[in-house]
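Numbering starts at 1 and runs along the sequence shown. Atom set for the values below is all heavy atoms of this structure, side chains included, hydrogens, waters and symmetry mates excluded.
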Amino acid sequence: MPRRPFVGGNWKSNGSVESAKTLCAALSSGSVAYRNKVEVVICPIAPHINLVSKLLRKSPIKVAAQNVSASAEGAFTGEISPGQLKDSRIEWTLIGHSER
């Protein structure tokens with residue numbers, strides 16, 4: 001079985017709750033056209049991950065984190081561990097950011 005093309009969109013440090021709702025509605029309404037043709041993953045800002053996941057739960061669009069800690073857990077302020085992402089049902093993450 002051939003692999004489906006992959007498209008990802010990173011929101012960087014942009015957006016508000018309202019803009020996330022608007023973008024998710026637009027993405028969901030257009031997802032029928034590419035449902036089985038393209039794998040789509042979007043990366044909202046961390047505070048919006050759960051909201052965006054809920055808004056897109058019935059669509060084929062996956063939600064990813066913009067970063068993940070190399071540490072499983074501990075005193076690492078602001079980091080998100082792999083286990084925390086898994087617990088939130090996030091299956092994708094970006095790593096290796098060029099601007100850092």
Trainee: Going by side-chain hydrogen bond (donor to acceptor under 3.5 Å, both in side chains), name the residues that satisfy it together with Ser19, two or more places apart in sequence or in a different chain.
Mentor: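 side-chain hydrogen bond (donor to acceptor under 3.5 Å, both in side chains) list for Ser19, sorted by chain: Ser16.
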
Trainee: Please report the shortest heavy-atom distance between Ile90 and Ser53, naming the atom on each side.
Mentor: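 For Ile90 and Ser53, the tightest heavy-atom pair comes out as CD1-OG, 3.7 Å.
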
Trainee: Any side-chain heavy-atom pair from Ser69 and Ile80 closer than 4.5 angstrom?
Mentor: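 Counting from C-beta outward, Ser69 and Ile80 never come under 4.5 Å.
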
Trainee: Between Leu94 and Asn67, is the side chain to side chain contact (heavy atoms under 4.5 Å, CB included) condition met? List the steps.
Mentor: CA-CA 5 Å; Leu94 295 174; Asn67 199 24; over 6 Å; no

Trainee: Which residue pairs pass the salt bridge (charged side-chain N to carboxylate O under 4.0 Å, His left out) test with at least one member in residues 63-75, sequence neighbours excluded?
Mentor: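 Every pair satisfying salt bridge (charged side-chain N to carboxylate O under 4.0 Å, His left out) with a residue in residues 63-75: there are none.
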
Trainee: I would like to know whether Ser71 and Phe76 meet side chain to side chain contact (heavy atoms under 4.5 Å, CB included); could you show each step before the answer?
Mentor: CA-CA 8 Å; Ser71 302; Phe76 306 104; 3.5 Å; yes

Trainee: Checking Asn50 now: which residues fulfil side-chain hydrogen bond (donor to acceptor under 3.5 Å, both in side chains) with it, not counting sequence neighbours?
Mentor: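 With neighbours one apart ignored, the set is empty.
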
Trainee: Please examine the side chains of Leu23 and Trp11, heavy atoms only from C-beta on, and report whether any two atoms are closer than 4.5 Å.
Mentor: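 SC-SC contact between Trp11 and Leu23 confirmed.
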
Trainee: Roughly how far apart are Thr77 OG1 and Glu79 CD, rounded to 0.5 Å?
Mentor: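 Spacing of OG1 (Thr77) from CD (Glu79) equals 9.0 Å.
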
Trainee: Check which hydrophobic residues are tied to Ile45 through side-chain heavy-atom contacts below 4.5 Å, counting indirect links as well, and list them.
Mentor: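 Once heavy-atom contacts under 4.5 Å are chained together, Ile45 still belongs with nothing else.
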
Trainee: If you look only at pairs with a residue in residues 9-28, which of them pass as a salt bridge (charged side-chain N to carboxylate O under 4.0 Å, His left out), with sequence neighbours excluded?
Mentor: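 Every salt bridge (charged side-chain N to carboxylate O under 4.0 Å, His left out) pair that includes a residue of residues 9-28, provided the two are not neighbours, is Lys12-Glu99, Glu18-Lys21.
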
Trainee: So does Cys43 get a backbone contact from the side chain of Gln66, meaning a donor-acceptor N/O pair under 3.5 Å?
Mentor: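 Checking the backbone N and O of Cys43 against the side chain of Gln66, a donor-acceptor pair under 3.5 Å is found.
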
Trainee: Under the side chain to side chain donor-acceptor pair (under 3.5 Å) definition, can you give me all pairs with a residue in residues 82-95, not counting sequence neighbours?
Mentor: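 Those involving residues 82-95 are Ser81-Gln84.
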
Trainee: For residues Ile42 and Ile95: do they belong to one hydrophobic cluster (side chain heavy atoms under 4.5 Å, members Ile, Leu, Val, Met, Phe, Trp, Tyr)?
Mentor: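 Per the 4.5 Å side-chain linkage, Ile42 and Ile95 are co-clustered.
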
Trainee: So Arg4 and Val38, side chain to side chain contact (heavy atoms under 4.5 Å, CB included) or not? Walk me through it.
Mentor: CA-CA 6 Å; Arg4 288 187 296 164; Val38 178; over 6 Å; no

Trainee: Which heavy-atom pair separates Ala65 from Leu85 by the least distance, and what is that distance?
Mentor: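 Closest approach of Ala65 to Leu85: CB-CD2, 3.6 Å.
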
Trainee: Could you tell me if the side chain of Ile61 sits less than 4.5 Å from the side chain of Val41, heavy atoms only?
Mentor: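 With C-beta onward as the side chain, the pair stays apart.
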
Trainee: Please confirm whether the backbone N or O of Ala26 pairs with a side-chain atom of Ser29, one donor and one acceptor, at under 3.5 Å?
Mentor: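 Pair found, side chain donor or acceptor close to backbone of Ala26.
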
Trainee: Which atom names give the shortest non-hydrogen contact between Leu56 and Cys24, and what distance separates them?
Mentor: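 Here Leu56 and Cys24 meet closest at CD2-O, 3.8 Å.
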
